[in-house]
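The chains referred to below are lettered A, B, ... by the order of the sequence lines, with proteins before strands, and numbering in each begins at 1.
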Amino acid sequence: MAGRMVEDDLFDSILLAEERFRGEGYQEGFEKGTRRGLQDGRRHGAVHGARLSCEMSFYYGFAVTWKCLLRHSTDAKSRKRVKALETLLGLIQSSPIDDPQSEKLRDDMDKLRAKFRQVCSMLSVPADFKDYIRVAEGTSF
Amino acid sequence: MKEALSLVQRLNAHPDSRCWFVSWSPNGALLASCGGDKAIRIWGREGDSWICKSVLQDGHQRTVRKVAWSPCGNYLASASFDATTCIWKKKNDDFESLTVLEGHENEVKCVAWAPSGNLLATCSRDKSVWVWEVDEEDEYECVTVVNSHTQDVKHIVWHPTQELLASASYDNNICLYKEEDDDWECRATLQGHTSTVWSLCFDATGQRLASCSDDRTVRIWKEYPAESGQGESIYLSWKCICTLSGYHGRTVYDVSWCRLTGALATACGDDAVRVFKDDETTNPDEPVFSLAAQVNKAHSQDVNCVSWHPKEAGLLASCSDNGEIAIWRFQEDK
């Protein structure tokens, strides 16, 4: 009885060696891949998050500044512009920026970009956000 | 019942270029055309024939894709691939550039005036629809930018009586917009076409909407009031009540619904112009349209646009990639 089991184990360890090594290799690779994925994901998230909040903060600063510039204007046109700026600020404040997976965030960003384009048209200022960013990068001391 | 579409006149409107669009002025006295030669031409009737009354040359830097008359007939708006929309004011027999509306990121595909004359809508390859307001001093201001489509927006059209806007897109959908507190929002998305929707047209009362597509069909849509028991919904419910398929050999680029006779004309990439009529005896919720007339070689290239005359029943204008405009007469045997 005992003799037969030793024989089986002997052959098993040879025949199943490839499968065992493959299994161990897979496990090792899976763990390494998970760690690597987490690192890549975190880096990607950081970049994406920075881009998103950079854009949103830009609109915020833009709207607050223009509201300030128009605070003494009482004509109908300026009032319409202030109303549009207030809608822009409202969208920013109600946006779930802390939840990157949120559908609402995606919709809000679309609405925000559209509102920004409309406000720029009303104020007759260029609307390309990328232009502003490019200018900032060009600054040197 | 034999009905015929006969040629009245051919105009070499935009030589060596494409003629993209034709539009009759509200009183029908003038026809505006625009093309790949960056120009807009105004045609008027002299005796029995149409002649070129003026050429608006320097308004745009690229192709002029569409032109639209204001409801009063004193203004003309032109949408161009140069990303701008130009507003022209009629001064006697000529037009002068009043203002240029900027804002779209790329090619403007269409411009349309609301029946009230106070609002203007534009749409573009940048996937957005812009609504502009005009005040008494001829100043234009953007009131809304809407991004309901996921692709190039090809055409927009206003409802004849309500403040309702419809748009057609490369994303195969039609969107309907209504105003809510100064902002225009998409209230319905009409799905059904299996390829780019190129053009739209409401019937005389605005109860039905015709759409045409790269999928070689024309669809008729009708509004249905929201089901009772669901309370008041801000969303609109439109259903497709008829599909005309098997008639067009290629992409259908334009559809025009005659406000006087109810006839439906189509412009097709197979170089033909077709006219359909609905059988008045059938159920209005399930109309049956039949082909009333067809001209196979209406032009030597793709037909880009068809437009019914607003006052003279049966008069139809079409234009083509070969730079020509053709005027037709549709005669029904009574």
> Given side chains that start at C-beta, do those of A/Lys115 and B/Asp183 come closer than 4.5 Å, heavy atoms only?
Replying inline: yes
> Measuring from A/Asp110:CG to B/Ser148:OG, what's the distance to the nearest 0.5 Å?
Replying inline: 9.5 Å
>> As an exercise, state the distance from CG of B/Asn147 to CG of A/Asp107, rounded to the nearest 0.5 Å.
In response: 11.0 Å
Is it the case that more than 12 heavy atoms not belonging to [X] sit under 6.0 Å from its [atom1] atom?
X	atom1	result
A/Tyr60	OH	no
A/Gln93	CD	yes
B/Lys38	NZ	no
A/Glu28	CD	no
B/Phe81	CZ	yes

> So which heavy atom on A/Gln118 is nearest to which on B/Val143, and how close?
Replying inline: NE2-O, 3.0 Å
> Which bit of B/Glu133 comes within less than 4.5 Å of chain A, counting heavy atoms only: side chain, backbone, both or neither?
Replying inline: side chain
>> Does any backbone or side-chain atom of B/Glu102 lie under 4.5 Å from a heavy atom of chain A? Answer side chain, backbone, both or neither.
In response: backbone
>> At under 4.5 Å between heavy atoms, what parts of residues 73-86 of chain A are in contact with chain B? List them by residue number.
In response: A/Lys77, A/Lys80, A/Arg81, A/Lys83
> Hey, does the side chain of A/Arg117 reach the backbone of B/Gly103 with a donor-acceptor pair shorter than 3.5 angstrom?
Replying inline: yes
